[in-house]
Structure formats: structure tokens, C-alpha cells
Amino acid sequence: MLILPAIDLREGRCVRLYQGRPEAETIYSTDPVAVARGWEARGARWLHVVDLDGAFAGRPRNMEVIAAIIKEVHIPVQVGGGIRSLESLEALLAAGAARAVLGTIAITNPEIVAEAVARFGDQVAVGIDSREGMVAVEGWAATVEERALDFASRMAALGVKRAIFTDISRDGTLQGPNIAATREVARRSGLKVIASGGIASLDDVRALRGLEKEGVEGAILGRALYNGNFTLEEALAVAGEED
């Protein structure tokens with residue numbers, strides 16, 4: 001199973017939010033590029049970068065930092081947050097992002113998702129952010145009347161192959177991921193799923209690895225790594241990624 005250390009960007013800094021709330025912020029570094037280099041040096045094979053300002057504003061706001069991260073590391077970088085037009089998507093991929101994660105736009109304008117997938121294939125993924133089983137959008141500030149599972153199936157029908165699934169109630173809480181919901185989305189939608197939100201221990205990583213046959217291919221690690229609950233090297237070993 002793939003392990004993706006997370007780098008969440010807000011005002012050019014590396015931060016983590018509690019349940020996606022901007023007022024509940026912890027700053028981990030003022031040098032996200034150095035953080036990215038550090039994760040690569042310790043064995044990460046992918047990075048997950050989120051433009052939090054972009055998610056709240058509806059357009060990318062940390063492109064300079066994101067471009068610097070992509071330039072400075074030699075591993076693929078997956079980027080999400082505020083990508084709500086084909087132009088923003090194209091700019092991100094042109095900057096060297098290996099994969100772009102579409103969130104709000106997949107709800108508000110699914111036709112763009114279909115076009116993006118037709119043009120860029122596996123470089124496009126969708127973010128499925130769930131609050132009490134319903135889809136959340138606009139930096140998690142709003143919830144729409146669609147079940148996350150139905151949304152996942154709808155995206156699969158458009159040709160999307162991969163989703164990042166986050167249970168917002170778990171994000172940044174270190175309370176453990178929502179294993180049941182993650183399994184259900186992967187099993188019933190047919191999407192490859194990267195799990196996110198709440199991962200707190202190596203047992204959580206083991207539990208997610210146990211869902212590989214269901215379609216869970218990766219896990220995004222944030223606060224647990226930054227707080228030192230376990231090391232990246234330990235997570236890679238548990239996930240089966242060690243050389």
C-alpha cells in the first residue's frame with residue numbers, strides 16, 4: 001500500500017487543521033519545500049499537497065510554493081485544493097504535478113471532470129470528502145444533499161479511476177480512520193481509493209492495508225507523522241513499501 005505524507009499549505013506555511021476548520025490550525029513549518037525534501041529523503045514515494053487557501057478561495061493560491069516543491073523533489077506530487085476550472089488544472093499539470101485532485105467542481109460541474117479525464121486520464125483524481133455520509137464542498141464549509149457513496153459511483157461512471165476519501169469528522173483528530181466507510185466506497189464504486197483522515201497509529205495503517213483487495217491502494221498521513229506518533233519509515237514498513 002502506498003503511503004503519502006501530506007503537506008497542507010496555508011499562507012505559504014505547512015500546517016494542519018482540525019476537522020478542516022481554519023481557526024483550528026497548527027503550524028508545523030514555515031518552509032514547506034524543506035519539509036517535502038525531508039519526506040523524500042526518508043523514503044516517501046509520493047507526496048500529497050493541499051492548497052488550503054485555494055480550497056477556501058475557490059482558486060489556487062499557493063502555486064509558487066507548490067511549483068517549488070515539485071521542482072525540488074524527484075518523486076511524484078499529488079495536488080488538490082481550489083482546482084475549479086480546466087485552466088487551473090492545466091496550469092497545475094504544466095507545473096509538473098503528477099496528479100490533480102478535483103473536489104468541489106466535481107459536484108458543481110461534473111462535465112468538466114469528464115473532459116478532464118478524457119484529456120488527462122490517470123492524472124486526474126477526485127476528492128470525496130464526507131461529513132456524516134454526505135459530500136462536503138468549498139473547503140468543507142458546505143455539505144450537499146448527495147451521499148458520498150452515490151457521488152463515488154457517479155464519478156466512476158464518468159471515467160474517474162481514483163479517489164481520495166476523507167471522513168471530515170476524523171481529519172486531524174488522530175481518532176482513527178473510518179474503515180467501514182472507506183471499505184464501502186472502494187468496494188461499491190470500483191474506484192481505487194486513497195484513504196485520508198484520522199490515521200493515528202501503525203494499527204490504523206495495518207487496517208487500511210488489509211483493505212487492499214477491496215481497492216484501497218494508499219493512505220495519506222498528516223498529523224500522526226508531524227506529531228511523531230510513528231515514523232515515516234515505520235509506516236512504510238507496515239504498508240509493505242520498504243525496499
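Remember, it's a predicted structure, so these values are computed and weren't measured experimentally. The first residue of the sequence shown is numbered 1, and numbering continues consecutively from there.
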**Asked** side chain to side chain contact (heavy atoms under 4.5 Å, CB included) between L92 and I66: does it pass, once the steps are laid out?
**Response** CA-CA 9 Å; L92 195 59; I66 292 168; 4.1 Å; yes
Within the structure provided, determine whether [X] and [Y] are in side-chain contact (heavy-atom separation under 4.5 Å).
X	Y	value
S130	T166	no
V193	R162	no
R223	Y28	yes
S88	I83	yes
T231	R42	yes
I194	H48	no
L47	L4	no
V216	R183	no

N-O pairing of [X] and [Y] below 4.0 Å:
X	Y	result
R37	E40	no
K161	E217	no
D8	R16	yes
R154	E146	yes

Are [X] and [Y] in one and the same hydrophobic cluster, where Ile, Leu, Val, Met, Phe, Trp and Tyr link if side-chain heavy atoms are under 4.5 Å apart?
X	Y	result
L9	Y226	yes
W39	V101	no
I107	V160	yes
M155	F120	yes
V77	V124	yes

**Message:** Surrounding CZ of R61 (heavy atoms of other residues, nucleotides or ligands, distance under 6.0 Å), is the total greater than 12?
**Reply:**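 No - once you tally the heavy atoms of other residues, nucleotides and ligands closer than 6.0 Å, there are 12 at most.
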What are the two closest heavy atoms between [X] and [Y], and how far apart are they?
X	Y	answer
A97	V79	CB-CG2, 4.0 Å
Q123	L93	NE2-CD2, 3.8 Å
V113	A106	CG2-CA, 3.5 Å
G198	D204	O-OD2, 4.0 Å
R99	A125	CD-CB, 3.8 Å
G82	P60	O-CD, 3.3 Å

Do any N or O atoms from the side chain of [X] and from the backbone of [Y] form a donor-acceptor pair under 3.5 angstrom?
X	Y	answer
N229	S201	no
S29	D31	yes
S189	V185	yes
R45	E241	yes
R209	V238	yes
D51	N62	yes
R84	A55	yes
R10	V15	no

**Item:** Intermediate values then yes/no, side chain to side chain contact (heavy atoms under 4.5 Å, CB included), V135 and R147
**Value:** CA-CA 6 Å; V135 177; R147 293 175 64 233; over 6 Å; no
**Message:** Using the rule given for side chain to side chain contact (heavy atoms under 4.5 Å, CB included), can you reason through M1 versus I3, listing the C-alpha separation, both sets of side-chain angles and the distance that settles it, and then say yes or no?
**Reply:** CA-CA 7 Å; M1 183 179 74; I3 295 294; 4.1 Å; yes
How long is the straight-line distance from [atom2] of [Y] back to [atom1] of [X], given to the nearest 0.5 Å?
X	Y	atom1	atom2	value
S85	N109	OG	CG	10.0 Å
I69	I75	CD1	CD1	10.5 Å
I220	F165	CD1	CZ	12.0 Å
E184	N178	CD	CG	9.5 Å
L191	I164	CG	CD1	10.0 Å
E234	L202	CD	CG	5.5 Å

**Request:** In sequence, state the C-alpha distance, the side-chain angles, and the governing distance for I7 and V50, and then conclude on side chain to side chain contact (heavy atoms under 4.5 Å, CB included).
**Result:** CA-CA 6 Å; I7 299 176; V50 179; over 6 Å; no
